[in-house]
Structures are given as structure tokens and as C-alpha cells.
Amino acid sequence: TVDGYGADLAAFLRFLSDHLGGSPDLAALESLKPLDFRAWLAGRSARALSRSSTARALSTLRGFFRFLEKQGIAKNSAIGALRTPKLPKSVPKGLTVEDAFDLIRSAEDLASLDDGKGKGGVWIGLRDRALLMLLYGCGLRIGEALSLDRVVLPLGETLTVLGKGRKQRLVPLLPQVRDAVGAYVDACPYGGDGAAPLFRGARGGRLAAGVAQARMRDLRRLLGLPDTATPHALRHSYATHLLAGGGDLRTIQELLGHASLSTTQRYTDVDVERLTNVYEDAHPRARKT
């Protein structure tokens with residue numbers, strides 16, 4: 001997130017250098033007019049950047065100018081005249097229960113195939129399976145799972161997770177998840193104290209998100225799943241399947257670590273979409289002739 005904000009701000013300053021004919025100083029930032037900000041927005045539109053990307057960049061600029069004003073460095077109210085682009089309503093893309101189970105079951109199979117090429121091993125397959133179990137069984141973000149250290153061992157009935165904004169939340173652990181993590185830990189050739197990473201790469205360092213995402217890409221190709229089958233899709237699946245099973249939104253909000261209930265409410269759209277599809281496929285009056 002910090003890297004993204006930094007990139008947004010750097011891109012804005014590069015735009016100002018071209019727009020103003022020189023590197024902007026504090027006086028130039030204070031003298032910017034709504035027309036200057038709109039020229040920046042027009043430039044983004046000409047490059048066909050997405051509205052969600054522009055909305056984030058605009059949020060970055062607002063935060064930057066609020067910081068300057070709060071610190072008594074510079075003040076510019078012209079940015080307040082800009083409206084945030086209206087974002088399209090997105091529906092989280094999860095997996096079916098069957099596809100989620102197939103992914104988890106196939107993690108060891110993929111490692112076995114790689115092992116024949118000198119790329120994997122039994123413990124790699126157990127690691128991938130344990131990671132997928134955590135993502136789907138607990139609704140963790142990939143970064144939350146990979147940041148876990150061995151201090152969480154042995155796993156109990158709940159797990160304390162450090163999420164966005166360094167907010168902690170407690171998630172229940174299914175016995176199957178505990179067993180999967182335990183099997184991986186027993187097979188992993190790398191030990192360490194409580195400060196050592198739980199999920200290890202092939203060389204013993206902390207497993208990188210890029211490696212986990214690459215394993216997921218290999219799995220979905222193996223199973224013929226769409227590109228939307230990402231590690232984060234397992235988190236979406238967790239929430240969607242809880243809701244379909246009768247879970248209430250407030251509880252799901254706590255389990256996911258969402259600051260706002262409105263974020264969690266997106267999953268009701270997924271469930272309504274599923275119900276609509278079932279209705280249209282099954283009801284005699286809804287069938288297309």
C-alpha cells in the first residue's frame with residue numbers, strides 16, 4: 001500500500017514537472033488551480049488508466065495535501081473541487097466449494113509432478129496444501145498467512161492474525177487446518193525458534209507472495225480453472241460460502257477483519273447472483289426457449 005501511494009505521488013510530481021515546465025516547489029503546489037488538477041485527471045484518462053486506479057491516486061493526493069496543511073508546510077484547497085470517479089460495482093469472484101477442495105487436494109499432486117523435475121518435494125506439497133487450507137479455512141489474506149511465525153505453533157482452536165492497519169483479529173481453526181499445518185511442519189526440513197517464519201521457501205527463507213501466487217497459477221492450469229482463481233479468491237470463497245451457509249454479516253465482518261460492514265456487504269451480491277443463476281436454470285418459467 002505504501003509503495004502504491006509513493007508511486008501515485010511520484011507520478012503526480014512528474015506530471016507537474018511537464019505541466020509547469022520545471023520541478024514543482026512548495027509555492028507551485030500552493031498555487032495549483034482546479035484546472036491543473038483536472039489536466040492531471042485528463043492525462044490519466046488519455047492513458048486509459050482505470051477509474052479505480054485514478055480514485056486511489058486522487059486519495060493519495062488528498063492525503064498528501066492534508067499532511068502539508070497539517071504540518072503548516074503548504075495549503076491548497078483547490079483539490080477539494082475534484083470529485084472521486086464513480087467506480088463500477090464489483091462482485092468478488094470466489095470459487096465453488098468443489099473447485100476450492102480440488103485446489104487443496106491437488107497441491108500435493110503438483111509438488112509430486114515438480115519433484116520429478118528436481119523442483120519440489122513432499123514437504124513442498126504439504127506446505128502448499130497447508131497454506132491453501134489457511135486461506136480457505138480461515139479467510140486469511142496471502143500476506144497475513146505468509147507473515148505468520150513459528151511462535152503460533154502448536155496451533156490451537158483459534159489463531160490471532162495481524163491484518164491491515166496492524167489490527168488483530170481472532171479466527172477459529174478447523175481441525176483439518178491444524179492437521180494440515182502440523183503435517184507440513186513435521187515434514188519441513190527447516191526448523192527454528194518462535195521468530196522463524198512458518199511458511200518457508202525452497203531455500204529456507206520466508207515464502208514470498210510471488211512464489212505462492214505462481215504455485216496457484218500452476219494449480220489452476222492443472223485443473224483448468226479461470227484466471228480469477230487466485231490466492232485472494234480463496235478468501236472470497238471463505239466469505240461467500242459462510243454467507244451461503246447461514247453466517248451473518250456482522251460475524252463474517254469480524255472474521256475477515258473488515259473495518260466497514262459495507263465492505264462485507266459485497267458478498268451478499270455474490271450470494272444473490274448465485275441464487276438468481278440457480279433460479280434461472282431451474283425454474284420452468286425462467287427457462288429460455
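Nothing fancy with the numbering, it's 1 onward along the sequence. Values below: all heavy atoms of this structure, side chains included; hydrogens, waters and symmetry mates excluded.
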Distance check, rounded to the nearest 0.5 Å: [X] atom [atom1] versus [Y] atom [atom2]?
X	Y	atom1	atom2	value
Ile104	Asp99	CD1	CG	11.0 Å
Asp102	Leu222	CG	CG	10.0 Å
Ile252	Leu243	CD1	CG	4.5 Å
Cys188	Leu198	SG	CG	8.5 Å
Leu131	Leu126	CG	CG	12.5 Å

Compare every heavy atom of [Y] with every heavy atom of [X], then report the nearest pair and how far apart it is.
X	Y	answer
Ala100	Leu234	CB-CD2, 4.3 Å
Ser237	Tyr136	CB-CE1, 3.8 Å
Ala180	Ala130	O-CB, 3.6 Å
Leu146	Ala208	CD1-C, 3.8 Å
Met216	Pro231	CG-CD, 3.7 Å
Asp8	Ala57	OD2-CA, 3.7 Å

Practice prompt. For the pair Leu132 and Leu219, evaluate side-chain contact (heavy atoms from CB on, under 4.5 Å) and give the outcome as yes or no after the intermediate values.
Written response: CA-CA 11 Å; Leu132 296 179; Leu219 273 172; 3.7 Å; yes

For [X] and [Y], indicate whether the former's side chain and the latter's backbone hold a donor-acceptor pair under 3.5 Å.
X	Y	value
Glu108	Gly125	no
Arg141	Arg235	no
Arg220	Leu103	no
His241	Leu95	yes

Worksheet item: Within a strict 4.5 Å, meaning less than it, do heavy atoms of the Arg44 and Ser53 side chains meet?
Response: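 Yes - at least one pair of side-chain heavy atoms lies under 4.5 Å apart.
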
Practice prompt. Pick out which of Val177, Thr230, Leu140 makes a side chain to side chain contact (heavy atoms under 4.5 Å, CB included) with Leu135.
Written response: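 Filter result, single survivor: Leu140.
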
Item to complete: Go through the steps to decide whether Asp149 and Arg206 satisfy the test salt bridge (Lys or Arg N to Asp or Glu O under 4.0 Å), and finish with yes or no.
Response: CA-CA 9 Å; Asp149 294 326; Arg206 188 179 297 276; 2.6 Å; yes

Worksheet item: If two hydrophobic side chains count as joined below 4.5 Å and joins carry through other members, does Tyr5 share a cluster with Leu49?
Response: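 Hydrophobic grouping puts Tyr5 apart from Leu49.
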
Discussion item. Test: salt bridge (charged side-chain N to carboxylate O under 4.0 Å, His left out). Region: residues 13-34. Which pairs qualify, not counting sequence neighbours?
Written reply: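 Non-adjacent pairs meeting salt bridge (charged side-chain N to carboxylate O under 4.0 Å, His left out): zero.
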
Worksheet entry | Worked verdict on Phe199 versus Leu134 for side-chain contact (heavy atoms from CB on, under 4.5 Å) | CA-CA 11 Å; Phe199 289 104; Leu134 270 176; 3.6 Å; yes

Worksheet item: Any salt bridge between Arg215 and Asp218, counting N to O under 4.0 Å?
Response: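 A salt bridge is absent here (no side-chain N lies under 4.0 Å from a carboxylate O).
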
Practice prompt. Would you please test Glu69 and Ser77 for side-chain contact (heavy atoms from CB on, under 4.5 Å) and show each step?
Written response: CA-CA 10 Å; Glu69 183 175 355; Ser77 58; over 6 Å; no

Worksheet entry | Side chains of Arg62 and Thr84, donor plus acceptor under 3.5 Å |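 There is such a pair (donor and acceptor under 3.5 Å, judged by atom type) between the side chains of Arg62 and Thr84.
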
Distance-only check: which donor-acceptor pairs under 3.5 Å involve side-chain atoms of residues 151-174, not counting sequence neighbours?
unit_1, atom_1, unit_2, atom_2, d
Arg169, NE, Leu255, O, 2.8
Arg169, NH1, Glu144, OE2, 3.0
Arg169, NH2, Glu144, OE1, 2.8

Worksheet item: Between Gln176 and Met133, is a side-chain contact (heavy atoms from CB on, under 4.5 Å) present by the stated rule, with each step listed?
Response: CA-CA 8 Å; Gln176 296 91 328; Met133 289 282 281; 3.6 Å; yes

Worksheet item: With a cutoff of under 4.5 Å between side-chain heavy atoms, which Ile, Leu, Val, Met, Phe, Trp and Tyr residues group with Leu13?
Response: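 Under the 4.5 Å side-chain rule, Leu13 groups with Leu9, Phe12, Phe15, Leu16, Leu20, Leu26, Leu29, Leu32, Phe37, Trp40, Leu41, Leu58, Leu61, Phe64, Phe65, Phe67, Leu68, Ile73, Ile79, Leu82.
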
